[in-house]
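Per chain, numbering begins at 1; letters A, B, ... match sequence-line order.
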2 protein chains.
Amino acid sequence: MFSQTVEYALRAAVYLAQRRPDPVTTENIAQATKVPQAYLAKVISSLVKAGLVKSQRGVGGGVTLVRPPEDVNILEVVNAVDPIKRITTCPLDLMTHGMKLCPLHRRVDNAYAMVENAFRSTTLAEILAEPGQSVPLCEVPTVEPSSSAVVPAKPNHRMPLEVEVAAPAD
Amino acid sequence: MFSQTVEYALRAAVYLAQRRPDPVTTENIAQATKVPQAYLAKVISSLVKAGLVKSQRGVGGGVTLVRPPEDVNILEVVNAVDPIKRITTCPLDLMTHGMKLCPLHRRVDNAYAMVENAFRSTTLAEILAEPGQSVPLCEVPTVEPSSSAVVPAKPNHRMPLEVEVAAPAD
DNA sequence: CATGAACCGGACAACTGTATCCAAAAAATG
DNA sequence: CATTTTTTGGATACAGTTGTCCGGTTCATG
């Protein structure tokens, strides 16, 4: 139901929130979030245009979340790249309906409203702070019985990884 | 957020519920719901395959809602043409996440769940029975002070009501 | 059994979303 | 000022969605 673009934008936003206030290159984000690099660049450009992130060219540059994660809700991210368009007028152009939606479209629009509200009340900080074991996007190291195996795959871009705490699959 | 196909399918379903148990031709539905006839045929074919409506060829044929409107919820209609796909596994293929979604995808999937639940608990009958003034898809007659104007535009395919009132070109 | 009404299915066109590539512009650094 | 790093934007390709067209099939009716 949500577009691929929305998915990518959310991943990037969460990752940027993690790394804030450090600037991160799009390639870095692309690797960490497993999003096609070139396409991610376009998506991020939308976030820039929306004023959610700022970009800095050149060495040591990259993109940064402008506001603190507590002040950014995920509806803003979604709307920046692929706005949820509420139903404001009758899709059938029945002018006697006017602003008043018929029962069908009222229900559909209510669904939109629910999603909007849920997303508006969810901040990036909230997602990062989730008490669960794992950092949102990152692989979480599992404790291998015999091998020691605690080696970050890519030491060059530090991601805040985390220890699994015996959370068996539900 | 919902596809055009979903919108069309819902219109058709509501209209078929109105007209049940009479069979209605796709052309009839197309006109009443303002959906491109040829494309609507495809959409309806999906509803047939899903077992929601049955079709009958030849004169006096058409399509009919199989179950009574009280027993059909709109989630079934949506899923028949463009299924809501819940997030069951980590979209990043992080296998250590397994079945357990990260905080981000948990929220997104929760949004899907909310929509699913809302739609599952809404029947076609409920939409038809809405106490408001208007029959779901149809133009509603407004009381014009001076003009009497009660002329059905298209007498050949009876829809439950009509009367265009002073509709200036948009 | 001929006719017309209606659905069915495949082929095709147009448009949008997704994705890739590359050159240009901007910024830091020496 | 040259070089390197990075974003930016354009051109293009590919795929999925939306929409159209048409011949074929099924069915009721006389």
Protein heavy-atom contacts under 4.0 Å, written 5' to 3' over nucleotides 12-23 of chain C as B (base), S (sugar-phosphate only) or - (none), form the string ------SBBB--

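Here B:S45 lies out of heavy-atom contact (under 4.0 Å) with every strand.
In this structure, the side chain to side chain donor-acceptor pair (under 3.5 Å) partners of B:T5, at least two apart in sequence or on a different chain, are B:Y39.
Within the 4.0 Å cut-off from OP1 or OP2 of D:dT6, not a single side-chain nitrogen or oxygen of A:S55 is found. Taking side-chain N and O atoms only, B:T26 has a distance below 4.0 Å to OP1 or OP2 of C:dC7. Distances shorter than 4.0 Å separate some side-chain N or O of B:Q56 from OP1 or OP2 on D:dA28.
When rounded to the nearest whole Å, the span between CD of B:E27 and P of D:dT20 equals 14 Å. The nearest whole Å value for the distance from the NZ atom in A:K49 to the C1' atom in D:dT8 is 9 Å. One atom, CG of B:D22, and another, P of C:dA6, lie 14 Å apart when rounded to the nearest Å. Rounded to an integer number of Å, the gap from CD of A:Q31 to P of D:dT6 is 12 Å.
A donor-acceptor distance shorter than 3.5 angstrom exists from the side chain of B:S121 to the backbone of B:N117, with no hydrogens or angles considered. The backbone N or O of A:F2 lies less than 3.5 Å from a partner atom in the side chain of B:Y112, making a donor-acceptor pair. Between the side chain of B:D109 and the backbone N or O of B:I87 there is at least one donor-acceptor pair closer than 3.5 Å. Checked by atom type and distance alone, the side chain of A:R20 pairs as donor or acceptor with a backbone atom of A:V66 at under 3.5 Å.
For the atom pair CG of B:D82 and CE of A:M1, the computed distance is 10.0 Å after rounding to the nearest 0.5 Å.
Comparing C:dG4, C:dC7, D:dT8 by their nearest atom to the side chain of B:V59 picks out C:dG4.
Side-chain N/O atoms of B:R57 and base N/O atoms of C:dC7 include a donor-acceptor pair closer than 3.5 Å.
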